[in-house]
Amino acid sequence: MRVRDDLATMFCKRVATKIKKAKTELEEIRLAERGITEALIGNYRVVLKDIDADGPAQPALAKAAEMTAETRVALEGLDEEASADEVVRRLGGKVSPALLASSRPWSCRPGAWAR
């Protein structure tokens, strides 16, 4: 019985060592694959940007940039104690009710949007 128990213990230790080594190798493979995937996504973006320079997404991007610029100009000069009502007034009422409800307890600070 003792020999059998020793053999089983030895087998369990060997299997545990193999499992630990396999987990380490799997983690290394996962990290390598992650790096490759991130590089591919970056390259894919560059390719799509160049291919679709006049595609349907470009007007939407231009409109989004224009709206962002308009919002920055409208909100320029707000002090730290500005209320949500002041933001609504400056934006001409073009603010989502959900955003207003969630931002009531907040105050608007210059430069906070970039953070």
Side-chain angles (χ1 to χ4, degrees):
M1 284 177 86
R2 196 165 130 199
V3 170
R4 183 188 65 191
D5 290 344
D6 288 343
L7 184 63
T9 302
M10 185 175 66
F11 178 74
C12 287
K13 286 181 181 180
R14 182 168 280 189
V15 169
T17 303
K18 297 268 186 198
I19 288 173
K20 185 176 179 181
K21 185 178 177 184
K23 283 183 180 181
T24 304
E25 288 179 14
L26 183 63
E27 182 65 19
E28 290 172 0
I29 292 169
R30 189 187 68 77
L31 290 174
E33 290 296 319
R34 181 177 178 186
I36 291 170
T37 303
E38 288 174 356
L40 287 172
I41 290 172
N43 290 337
Y44 184 64
R45 280 190 188 152
V46 170
V47 168
L48 285 181
K49 183 178 175 183
D50 292 337
I51 289 175
D52 199 24
D54 297 322
Q58 296 308 319
L61 288 172
K63 179 68 176 171
E66 179 185 326
M67 290 171 66
T68 301
E70 289 173 2
T71 302
R72 288 188 65 155
V73 168
L75 298 179
E76 192 172 318
L78 279 177
D79 63 353
E80 291 185 15
E81 301 300 321
S83 67
D85 295 328
E86 174 65 15
V87 173
V88 171
R89 187 187 67 73
R90 286 190 178 201
L91 294 176
K94 298 178 185 175
V95 179
S96 165
L99 178 64
L100 288 176
S102 68
S103 66
R104 287 282 180 208
W106 300 346
S107 62
C108 205
R109 291 182 218 148
W113 296 103
R115 281 185 241 134

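Because only heavy atoms are used, hydrogens play no part in the values below, and waters and symmetry mates are left out as well, while side chains stay in.
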From NZ (Lys21) to CG (Leu26), nearest 0.5 Å: 14.0 Å
Other residues, nucleotides, ligands: >12 heavy atoms within 6.0 Å of Glu66 CD: yes
Joint hydrophobic cluster, Ile19 plus Phe11, side-chain heavy atoms closer than 4.5 Å: yes
N-O pairing of Arg30 and Glu27 below 4.0 Å: yes
Leu7 side, atom CG; Arg2 side, atom CZ - distance, nearest 0.5 Å: 13.5 Å
